[in-house]
Amino acid sequence: MSTIKLSDFQKLDIRVGRVIEAQPIQKSDKLILLKVDIGSEVRQLVAGLRPYYKPEDLIGKEIIVLANLEPKQLMGYTSQGMLLAAVEDGKPVILVPEKEVKVGAKIG
């Protein structure tokens with residue numbers, strides 16, 4: 001595993017967000033369209049969680065978001081960040097705060 005400098009890590013804007021909307025993307029078996037409040041604004045994220053999570057179960061969940069990732073087009077939708085998840089046995093496990101944290105709180 002290669003290492004990075006602390007200054008590289010400090011470039012990442014990682015925040016606590018709260019999912020306020022979640023819906024399946026109709027032409028995809030994998031993608032869910034999320035609206036996530038990250039404190040200063042609401043971001044749209046596209047995540048490949050559909051085989052593992054029901055969209056309705058994500059609403060209200062606090063998640064960890066990489067907020068300063070370059071936007072990317074997926075299935076005609078712009079993803080404005082990345083939800084962070086661990087991968088266990090090939091399946092994503094969404095990272096969540098241990099207890100409720102203020103939406104928009106910075107990680108790091």
Side-chain angles (χ1 to χ4, degrees):
M1 175 181 347
S2 63
T3 60
I4 64 170
K5 296 181 181 196
L6 178 60
S7 60
D8 292 327
F9 177 76
Q10 291 170 329
K11 293 176 186 176
L12 302 176
D13 185 3
I14 304 172
R15 298 182 177 268
V16 174
R18 179 170 286 118
V19 178
I20 56 175
E21 291 180 32
Q23 60 188 20
I25 292 179
Q26 295 304 318
K27 296 179 183 178
S28 173
D29 294 332
K30 296 181 180 180
L31 299 178
I32 296 175
L33 181 66
L34 304 167
K35 300 285 182 162
V36 180
D37 181 356
I38 61 167
S40 58
E41 64 183 297
V42 173
R43 291 284 183 91
Q44 177 172 280
L45 306 181
V46 178
L49 299 172
R50 197 164 166 192
Y52 313 103
Y53 291 89
K54 294 178 183 175
E56 59 270 19
D57 293 341
L58 298 173
I59 297 171
K61 185 178 281 293
E62 284 189 342
I63 60 172
I64 308 302
V65 175
L66 177 56
N68 64 338
L69 187 64
E70 181 178 11
K72 181 170 179 138
Q73 287 290 121
L74 298 162
M75 299 288 296
Y77 296 91
T78 302
S79 188
Q80 302 169 305
M82 179 184 288
L83 169 152
L84 298 185
V87 178
E88 185 173 54
D89 298 326
K91 299 176 184 175
V93 178
I94 297 172
L95 300 181
V96 298
E98 174 193 14
K99 60 184 179 179
E100 191 170 327
V101 179
K102 180 181 174 187
V103 169
K106 288 193 74 147
I107 309 289

Same cluster for Val96 and Val36 if Ile/Leu/Val/Met/Phe/Trp/Tyr side chains link at under 4.5 Å?
-> yes
Option from Asp13, Ile14, Val16 for which side chain to side chain contact (heavy atoms under 4.5 Å, CB included) with Lys106 holds = Asp13
Which residues, ordered by chain and number, are linked to Ile25 in its hydrophobic cluster, where ILVMFWY side chains connect at heavy-atom gaps below 4.5 Å, directly or through other members?
-> Leu31, Leu33, Val46, Leu74, Met75, Tyr77
Could you tell me whether the side chain of Gln26 reaches within less than 4.5 Å of the side chain of Pro24, counting heavy atoms only?
-> yes
Can you tell me if Asp37 uses its side chain to pair, donor with acceptor, with the backbone of Ile20 under 3.5 Å?
-> no
For residues Ala22 and Leu34, report the shortest heavy-atom separation together with the two atoms involved.
-> CB-CD2, 3.6 Å
Okay, side chain of Arg15, backbone of Ala67: is any donor-acceptor separation there less than 3.5 Å?
-> no
Would you say the side-chain atoms of Tyr53 pair up with the backbone N or O of Ile32, donor to acceptor, closer than 3.5 Å?
-> no
Does a side-chain N-to-carboxylate-O contact under 4.0 Å join Lys72 and Glu70?
-> no
Tell me, please, which residues at least two apart from Glu62 pass side-chain hydrogen bond (donor to acceptor under 3.5 Å, both in side chains).
-> Arg18
Would Asp8 and Lys5 count as a salt bridge (Lys or Arg N to Asp or Glu O under 4.0 Å) if you check the C-alpha gap in whole Å, the side-chain angles of each, and the deciding distance to 0.1 Å?
-> CA-CA 5 Å; Asp8 292 327; Lys5 296 181 181 196; over 6 Å; no
Tell me, do Leu83 and Leu49 make a side-chain contact under 4.5 Å, heavy atoms counted?
-> yes
